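The next block holds one structure in the form of structure tokens; read it before the comments.
A quick note: this is a predicted structure, and the numbers were derived from the prediction, not measured. Positions are given from 1 along the sequence.
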Amino acid sequence: INFCTTPNKICETNSGDGKDTEDLRWTVAMFEFAEKVQRYSNSNWDYKQKLVEYVSGGMNLNEYYPFDLDHSFIHAVSSIVDRGCHNAPNCLPYVGEVTKLP
């Protein structure tokens, strides 16, 4: 999307299938990942350190015992995107359990 040539692109209506805004959504998602997730670090949790630990630990790839896997890294990254901190449900101001979609 070139906002110099089509500055109103963000205001255009969606066609219903999402194709007309797909580039915009991917661009926003990549920006959000770079800004929120990759830079996330506090005294208790650092994304880059936890990523190295996760990859070095085999990324929980275990085809024989899928229910015994530790998904804490994935849940923490998801929480950073959704709530702004790694420790849901204790992210201020969004305190409370994360609801699962059906």
Side-chain angles (χ1 to χ4, degrees):
I1 295 175
N2 185 336
F3 287 113
C4 293
T5 59
T6 54
N8 63 330
K9 184 70 173 176
I10 198 166
C11 299
E12 290 180 5
T13 59
N14 191 333
S15 63
D17 63 2
K19 294 293 184 191
D20 55 349
T21 60
E22 189 171 353
D23 288 345
L24 178 60
R25 288 182 284 128
W26 269 103
T27 302
V28 169
M30 292 304 294
F31 176 79
E32 186 171 13
F33 181 76
E35 287 295 308
K36 288 176 91 173
V37 178
Q38 289 184 336
R39 292 180 180 206
Y40 186 85
S41 182
N42 68 27
S43 60
N44 299 320
W45 208 90
D46 179 80
Y47 170 76
K48 291 177 185 174
Q49 176 188 350
K50 295 294 183 180
L51 175 63
V52 169
E53 291 173 9
Y54 182 70
V55 172
S56 296
M59 299 184 293
N60 292 325
L61 298 177
N62 186 338
E63 62 186 280
Y64 300 108
Y65 302 104
F67 301 106
D68 293 336
L69 300 179
D70 177 8
H71 298 291
S72 59
F73 176 76
I74 302 301
H75 291 300
V77 170
S78 177
S79 181
I80 293 167
V81 172
D82 291 340
R83 295 181 171 215
C85 88
H86 72 282
N87 192 22
N90 301 314
C91 300
L92 297 175
Y94 308 107
V95 177
E97 290 297 321
V98 177
T99 58
K100 295 182 180 180
L101 296 174

I'd like to check the side chain to side chain contact (heavy atoms under 4.5 Å, CB included) partners of L51; sequence neighbours left out, ordered by chain and number. Y47, V55, F73
Nearest heavy-atom pair of S79 and C85: which atoms, and what distance? OG-O, 2.6 Å
Contacts of type side chain to side chain donor-acceptor pair (under 3.5 Å), residue Q38, not counting sequence neighbours: none
Restricting to salt bridge (Lys or Arg N to Asp or Glu O under 4.0 Å), what partner residues turn up for K48, sequence neighbours left out? none
For D46, which residues count as a side chain to side chain donor-acceptor pair (under 3.5 Å) partner, sequence neighbours excluded? S41
Residues passing the side chain to side chain contact (heavy atoms under 4.5 Å, CB included) test with N42, sequence neighbours excluded, are Y40, N44, W45, H86
Please answer: with hydrophobic residues joined when any side-chain heavy atoms are less than 4.5 Å apart, are Y54 and V81 in the same cluster? yes
